[in-house]
Trainee: 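Can you read through this structure? Questions will come right after.
Computed from a prediction, not measured in an experiment: that's the story for all the values here. Proteins get letters first, then strands, A, B, ... in listed order; numbering begins at 1 in each. Just the heavy atoms: all of them, side chains too, but no hydrogens, waters or symmetry mates, feed the values below.
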Protein chains: 2
Amino acid sequence: MIKSVEKAFRVLEGLSRADGPMRLSDIARANGITRSNAFHLLQTLQELDYVRQAEDSTLYEATFRSFEIGAKLLSRNTLVAVAHPFLLRLSEQVPENVMLNVRDGLWNVVADRIESRSVVRTLAYLGARAPLQSVSSGKVLLAHAPASVIDEVARSLVAYTARSITDPDALREQLARIREQGYAVAIGEVNEDAKGVASPVRDRHGDVVAALSIAGPMNRLGEDTIAHYVALQHDTIRRIEAAWANGWRGDAAPPQFPGQASVARPSSA
Amino acid sequence: MIKSVEKAFRVLEGLSRADGPMRLSDIARANGITRSNAFHLLQTLQELDYVRQAEDSTLYEATFRSFEIGAKLLSRNTLVAVAHPFLLRLSEQVPENVMLNVRDGLWNVVADRIESRSVVRTLAYLGARAPLQSVSSGKVLLAHAPASVIDEVARSLVAYTARSITDPDALREQLARIREQGYAVAIGEVNEDAKGVASPVRDRHGDVVAALSIAGPMNRLGEDTIAHYVALQHDTIRRIEAAWANGWRGDAAPPQFPGQASVARPSSA
DNA sequence: GGTAGTGTTCCAATATTCAGAACGCACTCC
DNA sequence: GGAGTGCGTTCTGAATATTGGAACACTACC
């Protein structure tokens, strides 16, 4: 573990989480490092363009460059591009957030999302992470994940709310049921008032690569509604899979500009 | 400039740009470092959860964690959240990509985007960066940026295509016109076949904080169409500004999970 | 079964990084 | 107005963290 690298990322993460530009001293304090150390780290991050000093001020803030790394990752994911219009269509038929989720290690990540037009809605920011076992889409992804992943999750179950699953066997049973019925439901396992339904999206080999989910406040998602949403999801997924299988290969590489994350050339060879 | 930090970011950027998992040796070569050095860097990034070894393989790939940093940045931007539904509405009236852009230093960044349903469309992945002077939204943002920013851009004009602006005075003139007429057009200045229109979005103080843009293939965007789109944009922007000014304060903080980018506590105080 | 390449481990040497002190500056509070 | 506090930044020397190279076990390919 290279220490300075760890510190740099911690500092950057801290800045991205802050709700405004931060002072050097506070950054140093928050990360338990000296001011001069923080200064060096920030200067480096600044040269790399991940951090900027707010205009004519000495405060530091994160730039959107870090967004670029992750976004590039997503744009490579042709599924997200293919699915987007279908999500839109689905979103028009449903007064809740519609999301496309992928598994990232032991996490559920929101890869795309259409916000509901309702005023009351659940939180679902793009890129949001949640433990696999605690959200509906995560359960779907987990149910179809390699055994090693399931084992690891089962080994480390923690309760986030009263409804969280904590018994490994109960989890495995639930996953089996999800595989059988083709969808998963999560009720207030992360957020007390939230409820969600999710169904698996498969690639042409039949492997589950994503989960389409609909989530909203508990009281709007009764049993009948859920059943209706599952039907809508399966219908949408059928279309997505067809469009994807139809050889849609994604856009060509986006244009590159100088200074934009260029690869260092090997100096010798 | 802390070298190990720089290398770490270069490696991560490289991985995010690659179109699949990479081998250690190739990573080392691509960054001009030794294998053992690359190994240490990757191991660190792995512990920090920015990099993962593809299942039962020795290949390395970037995780979506980097996406999280950037996404958090965006989610903090309440404008993006407020504007999203309005972008959707606009997108229904227009067969092109609809984008919300913000300025990040000297770059135009796509902060939100609704993809067009048309088959032929321009590239617009979320988080994409382009030089300010070369895209329509960037021109709008530049036109309303502090003088220091304009100066810096004017000082370093480079031609990306034949149509790129290279004369500083011409640029300033164009910016003045943009401020006057309330919108900007860019024609094939980045991508030969692409054309875009953009208009400024202001906060309650009247400062320009974003640009709403519509972009598509050249042949679909004639003069009349442009005029029509500008009208639609201004209409949409009026609604966005109203909704935003109406004290919409964004969602509460999203739930946090352990292990998720936790802040190191100061050890002493 | 040799050769070439790999990912990984180990070690020692030194270049790199860091803590601390020092400085000028902007504030605040008497 | 002047002492005092806390700031961002610079500098320096000490030492530690980082790095390159050699070595290893493995695999893949002739």
Trainee: Mapping A/T58 and B/T34 to their closest nucleotides on DNA chain D, which lands nearer the 5' end?
Mentor: A/T58

Trainee: Contact class for B/R35 vs. all strands (heavy atom < 4.0 Å): base, sugar-phosphate, or nothing?
Mentor: base

Trainee: Counting any heavy atom closer than 4.0 Å, what does B/I33 reach on the DNA or RNA strands: base, sugar-phosphate only, or nothing?
Mentor: nothing

Trainee: In Å and rounded to the nearest 0.5 Å, what is the CD to CH2 distance from A/E68 to B/W107?
Mentor: 8.0 Å

Trainee: Touch check for B/S4, heavy atoms < 4.0 angstrom, all strands: base, sugar-phosphate only, or nothing?
Mentor: sugar-phosphate

Trainee: If you look at every strand shown and take non-hydrogen atoms under 4.0 Å, does A/E6 touch a base, only sugar-phosphate, or nothing?
Mentor: nothing

Trainee: May I ask you to say what B/S36 touches in the nucleic acid, namely base, sugar-phosphate or nothing, with a heavy-atom cut-off under 4.0 Å?
Mentor: base

Trainee: Would you say that B/S25 contacts B/R29 through its side chain, given a criterion of any heavy-atom pair below 4.5 Å between the two side chains?
Mentor: yes

Trainee: Using whole Å, report how far NE2 of A/H40 lies from P of D/dT18.
Mentor: 15 Å

Trainee: For A/R23 and C/dA26, give me the distance from atom CZ to atom P, rounded to whole Å.
Mentor: 16 Å

Trainee: Here's a test of your reading of the structure: between A/M1 and A/D26, which maps to the more 5' nucleotide of DNA chain D?
Mentor: A/D26

Trainee: Counting side-chain heavy atoms from CB outward, which of C/dT8, D/dT19, D/dG8 is closest to A/L24?
Mentor: D/dG8

Trainee: Is A/Q46 near enough to D/dG8 that one of its side-chain N or O atoms lies under 4.0 angstrom from OP1 or OP2?
Mentor: no

